[in-house]
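For ligands, and for the atoms within them, numbers begin at 1 and follow the listed sequence.
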Amino acid sequence: MTAVRTETTAQSASDTSFPPGFVWGAATAAYQVEGAAAEDGRTPSIWDTFSHTPGRVRNGDTGDIAADHYHRYKDDVALMKDLGLQAYRFSVSWSRVQPTGRGPAVERGLDFYRRLTDELLEAGITPVATLYHWDLPQELEDAGGWPQRDTAHRFANYAEIMARALGDRVGVWTTLNEPWCSAFLGYGSGVHAPGRTDPAATLRAAHHLNLAHGLAIGALRENLPSTAQTSITLNLHQVRPLTGSAADAEAARRIDAVGNRIFTGPILDGAYPEDLLADTAHLVDWAELVHDGDLAEISRPIDLLGVNYYSPTVVSAAAGDGASTRDDGHGASAHSPWTGADDVAFHLANDQLTAMNWAIDATGLHTLLTGLAASHPGLPLMVTENGAAFDDYVSPEGRVNDPQRIAYLHSHLDAVRQAVADGADVRGYFLWSLLDNFEWSYGYSKRFGAVYVDYGTQRRIPKASAHWYAEVIRRNALPGAGEQG
Ligand code: IFM
């Protein structure tokens, strides 16, 4: 069993290299790549239901086949090995291993993850398992979903099943990926599964996701060897006020509260922030929602904090109709996902945009990492996702040239390197994504992969950025000035 290194070395600002032992990986998520949606006992998750509902996902795309990773995992691991990847962050499909979200596990489902992790270990690649990347078993949603407290207990039971099944071969575990999206996009704006638009349900979901994380950390700790590392991955918003005005600062405070501190508060500091409770008191009864002992569960120590970063969040105060201005980069909806933070407008940080219309600004990643290092010294960090979608295509020569992605990765990796030089204890970096895949409500229209997937044939073509990344990994350093890389 391999874990990530347990110490860090600060680098000098002029050096283009990363600390010895820095982990280089790539990430995917079950529903986005696996396919095999109805094989070996798997039952629908909320994303199967959502994607099969007309009008929810662009072009009516679904994850039924996706990148067919379920059947092609051996070739995909071989590809990872060719690229020199040291770690692979994948997620487990809950309804593949525990179809109804309760009761005994299905061995055929577990076997897929046993085969995958064995293949990785054989190739010398560290498996990093995420338990939940948004695909709640549909039966649990039918029973109330994340707004129901019992879902957190179901999750802890599932975590125990997974720890028992894979604890001998997986050394790094993540409970939840981006719970903000599960709660605020799933139950607030409804652009993600299960597609509900209920402010109270959104906040209840957020608390129960926090509780699920804490209970799962307990279950993992009880069932994993002491060397195993546990973590959660948050998509922390790097919130910036548009101007220096007091009104914009207040807008930024409110977005920071429901975007970030609703998770970092209880998980890292053992309490919900007072300002968040005040901002949302008219929407939910926090005293009823948060039971005695919940905060102690939620704030159980973790070994690593996963940070996902793509683009900064620039906000200003907006007088108006009550709801936040919808154009926040998370998908169109008549309902704001920013429950409890009304009258806020969202802006692009600049006009250099990816295919998602997200502004490219690597300084946000540096600010996030150094900010966390300052606010939570001693907490090791891991960049668990970073990358960009562009309109990639295969040239007549059969190549995929993606200089914009190389530039994006270069600037963001340089920001990570600089954050390490400035004292942040960053243990590794996972490119999002290994493969082009199902980009949620955008379907297959957005390509984030370092490896191009021709969905018609399932042929994989490593893009120029994959070769560039392989060279960075080989050197444990970015190309120097004047070098192509
Ligand atoms: O594809 C997603 C991933 O599932 C979670 N983080 C953001 C990525 C890009 O939108």
Side-chain angles (χ1 to χ4, degrees), residues 25-35 45-48 50-51 57-58 61-63 66-67 69 88-94 128-136 174-186 189 191-193 209 231-238 259-260 263 305-313 328-333 337 353-360 364-365 368 382-392 404-405 408-409 412 429-453 455 465:
T28 63
Y31 192 71
Q32 295 182 272
V33 297
E34 282 181 6
S45 73
I46 54 175
W47 267 99
D48 294 84
F50 190 77
S51 64
V57 173
R58 199 172 283 189
D61 291 342
T62 73
H69 187 56
Y88 176 50
R89 174 176 179 251
F90 62 94
S91 80
V92 176
S93 159
W94 186 348
V128 175
T130 297
L131 291 173
Y132 187 74
H133 198 122
W134 309 350
D135 42 0
L136 187 71
T174 302
T175 54
L176 307 173
N177 178 75
E178 302 183 354
W180 184 85
C181 297
S182 300
F184 289 82
L185 301 181
S189 64
V191 299
H192 278 190
L209 283 154
S231 63
I232 185 169
T233 278
L234 301 176
N235 56 320
L236 295 173
H237 301 83
Q238 207 270 302
N260 299 327
F263 299 105
L305 176 67
V307 177
N308 291 357
Y309 173 83
Y310 291 88
S311 183
T313 303
D328 65 351
H330 290 292
S333 169
L353 307 180
T354 70
M356 296 294 285
N357 281 334
W358 295 347
I360 301 171
L365 182 52
L368 261 187
M382 183 92 104
V383 178
T384 38
E385 281 183 31
N386 175 243
F390 291 106
D391 295 327
D392 305 314
Q404 292 170 296
R405 184 172 289 101
Y408 181 99
L409 294 174
H412 286 74
Y429 175 93
F430 289 75
L431 187 159
W432 184 269
S433 174
L434 174 71
L435 302 169
D436 288 339
N437 59 51
F438 177 81
E439 177 54 25
W440 308 113
S441 58
Y442 295 89
Y444 297 100
S445 68
K446 305 292 176 196
R447 293 182 177 272
F448 273 92
V451 175
Y452 185 93
V453 177
Y455 294 111
S465 59

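Applying the salt bridge (charged side-chain N to carboxylate O under 4.0 Å, His left out) definition to pairs two or more places apart or across chains, those involving residues 437-449 are Asp436-Arg447.
Centroid-to-centroid, the aromatic rings of Tyr31 and His192 stay 6.0 Å apart or farther.
Panel note: side chain Tyr310, backbone Ala388; no donor-acceptor pair is recorded below 3.5 Å.
A 4.5 Å side-chain heavy-atom check between Asn260 and Leu234 finds every atom pair outside the cut-off.
For the ring pair (Phe, Tyr, Trp, His ring centres under 6.0 Å) criterion with His69, the lone passing option out of Phe90, Phe438, Tyr88 is Tyr88.
For ligand 1, the 4.0 Å heavy-atom shell takes in Gln32, His133, Trp134, Asn177, Glu178, Tyr310, Trp358, Glu385, Trp432, Glu439, Trp440, Phe448, ordered by chain and residue number.
In summary, the side chains of Thr174 and Thr233 do not present any donor paired with an acceptor at a separation below 3.5 Å, with no hydrogens or angles considered.
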